[in-house]
Amino acid sequence: MHFSRLLQDSLVLTLGLASLAAAMPKQIVARQSTWNPPSNLVLPLQQVWDHEVATYSNALGFNNYGYDQVMANGGYLNFCVRWDSSQNLSEAQRAQVLTALQRSMKKWIDWLVGFDGFPYSSVPVNIVGYAVKSTSQFQGSTSGYDIYTTKDSGGIPECDPRCGRFFHQDGNYNSCPGGAARHYDMSLWLTDGFGGGAGGDWGQRIGTEYFLSNINSENIHILLHEMGHSFALDDFYDWTPTGVSNFIMLAGSSSVITDFDGWMLRDWWRHLKTRYNLGTPVTTTTARTTTTATRTTTPATTATAVRTTTTTTRATTTGSSSGGSPLWGQCGGANWTGPTTCAQGTCTYSNPYYSQCL
């Protein structure tokens, strides 16, 4: 969770990207199998990597990046949707939510397929459950979904922590009612009135209205940005690498994943791949199905203490002139050597590796 990010998109940036999208080229994934980025990207890629290693807490020791989740599962990702909304959700809309998730994740995974030992030709995405305020919001058939009415400490619908990888990074889902097959790796957290987005190893959070209005769009740019954080990619609030100024991880500059974004993703994979003991590449992956009966989990049946992910976002910033970290900056955690006070906000504990000024 120490690499999570908060994207403070303004309405101006959001509207600006809408007009920018038409001018951007479609994503074309270069199928290089080895590390050989275009010459104009070599320097900025090295700058980004050096910056990430220097500013992340235990960058190469953290074990819950999106890559880790894919590899632990054997080539797929399970999502649970936190429907933090007062709106009803039709069966047709749920099908669109899944399609949007699959389409968006594929845009990132395509950059890994065939590259430097990545063992999968595709990474199927499945939605195993929904957390809702009331089961009455779920219209039509609910077959195949686990329906959760549990809430976190802030009263927000939360997928059962007993089934979440963030809470069980050792892969032990013995306490999950449906077992390991019904676990979720990430949450798609859709919140009424939420501006911008947040992302990390726990998943992505964006506004319900924004997501539904763009659900059939080829590039849901805020979701793509937040997915990048789930794969350890950085934010660029206070600096820009040499020679690059338009890419999805530079908020407001691109509505599509660019070559630079793709090569940043590949850079992480080539540095992490030795942890996976890779053997013969896998050429096909069978999509998982959801044929189980619907289960509804209520607060009374949830044995694990409820935890919230609302304090798990992080921006990469430096200490302010007053000696404390700025708003959204890190202020504590294992191996953290920077400021432990906040020039703005309060130093808020997130996990043993990360505390943040909020």
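Quick caveat, the model's predicted, so the values are computed rather than measured. Side chains are part of it too, since the values below use all heavy atoms of this structure and drop only hydrogens, waters and symmetry mates.
- One distance of note links CZ of Phe118 with OG of Ser33; it measures 14.5 Å at 0.5 Å rounding.
- In this structure, CG on Asn78 lies 5.0 Å from OH on Tyr76, to the nearest 0.5 angstrom.
- Every residue two or more places apart in sequence or in another chain that forms a ring pair (Phe, Tyr, Trp, His ring centres under 6.0 Å) with Trp35 is listed here: Trp263.
- Here Trp268 and Trp49 bring their ring centres to under 6.0 angstrom of each other.
- Here the side chains of Leu101 and Gln96 are not in contact, with every heavy-atom distance at 4.5 Å or above.
- At least one cation-pi condition fails for Arg162 and Tyr173: the charged atom is not both under 6.0 angstrom from the six-membered ring centre and inside a 45 degree cone around its axis.
- Residues Arg270 and Asp267 are paired through a salt bridge, judged by an N-O separation under 4.0 Å between the basic side chain and the carboxylate.
- Using a 4.5 Å heavy-atom threshold, the side chains of Asp261 and Trp111 count as separate.
- Atom CD of Glu209 and atom CD1 of Ile206 lie 10.5 Å apart (nearest 0.5 Å).
- Of the options Tyr120, Phe115, Trp108, Tyr276, a ring pair (Phe, Tyr, Trp, His ring centres under 6.0 Å) to Trp269 is made by Tyr276 and by none of the others.
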Salt bridge (Lys or Arg N to Asp or Glu O under 4.0 Å) between Arg266 and Asp116, worked out: CA-CA 8 Å; Arg266 288 173 169 179; Asp116 201 12; over 6 Å; no
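- Contact check for Leu272 versus Leu60: side-chain heavy atoms found under the 4.5 Å cut-off.
- The pair Arg165-Asp68 fails the salt-bridge criterion, with no side-chain N (NZ, NE, NH1 or NH2) lying under 4.0 Å from an Asp/Glu carboxylate O.
- For the pair Ser104 and Ile220, the tightest heavy-atom approach, listed with the atom from each and the gap, is OG-CD1, 4.4 Å.
- Between Tyr210 and His221, the ring centre distance stays below 6.0 Å.
- In summary, of the residues considered (Asp160, Asn73, Asn172), a side-chain hydrogen bond (donor to acceptor under 3.5 Å, both in side chains) with His183 occurs for Asn73 alone.
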Residue pair Phe231, Tyr67: steps toward the ring pair (Phe, Tyr, Trp, His ring centres under 6.0 Å) verdict: CA-CA 7 Å; Phe231 284 92; Tyr67 319 92; 5.1 Å; yes
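- Counting heavy atoms from C-beta outward, Asn64 and Trp202 have side chains that stay 4.5 Å or more apart.
- Within the model, atoms NE2 of His225 and CG of Asn219 stand 14.5 Å from one another, a figure rounded to the nearest 0.5 Å.
- The shortest heavy-atom contact between Ser255 and Leu224 is O-CD1, 4.2 Å.
- In this structure, Met264 is not a member of the same hydrophobic cluster as Leu43, with clusters built from ILVMFWY side-chain heavy atoms closer than 4.5 Å.
- Counting heavy atoms from C-beta on, the side chains of His229 and Met249 come closer than 4.5 Å.
- Note on Val42: it does not cluster hydrophobically with Leu45, by side-chain heavy-atom contacts below 4.5 Å among ILVMFWY residues.
- Considering only heavy atoms from C-beta on, Val97 comes within 4.5 Å of Tyr130 through its side chain.
- The CG atom of Leu41 sits 13.0 Å away from atom CD of Gln46, with the distance rounded to the nearest 0.5 Å.
- A pairwise comparison of heavy atoms in Ala131 and Cys80 identifies N-SG, 4.5 Å as the closest pair.
- A salt bridge links Arg82 to Asp152: one of the charged nitrogens lies within less than 4.0 Å of a carboxylate oxygen.
- Every residue two or more places apart in sequence or in another chain that forms a ring pair (Phe, Tyr, Trp, His ring centres under 6.0 Å) with Phe247 is listed here: Phe236, Phe260.
- When all heavy atoms of Asn88 and Gln139 are compared, the closest pair comes out as ND2-NE2, 3.2 Å.
- By the 4.5 Å heavy-atom criterion applied to side chains, Asp185 and Phe79 are not counted as neighbours.
- Residues Glu158 and Ser187 have side chains not in contact (no heavy-atom distance under 4.5 Å, counting atoms from C-beta outward).
- Annotation for Gln204 and Ser230: closest pair NE2-OG, 2.9 Å, computed over non-hydrogen atoms.
- Taking CG of Asp110 as the start and OG of Ser121 as the end, the distance is 10.5 Å to the nearest 0.5 Å.
- Between Asn246 and Ser253, the shortest heavy-atom contact is ND2-O, 3.2 Å.
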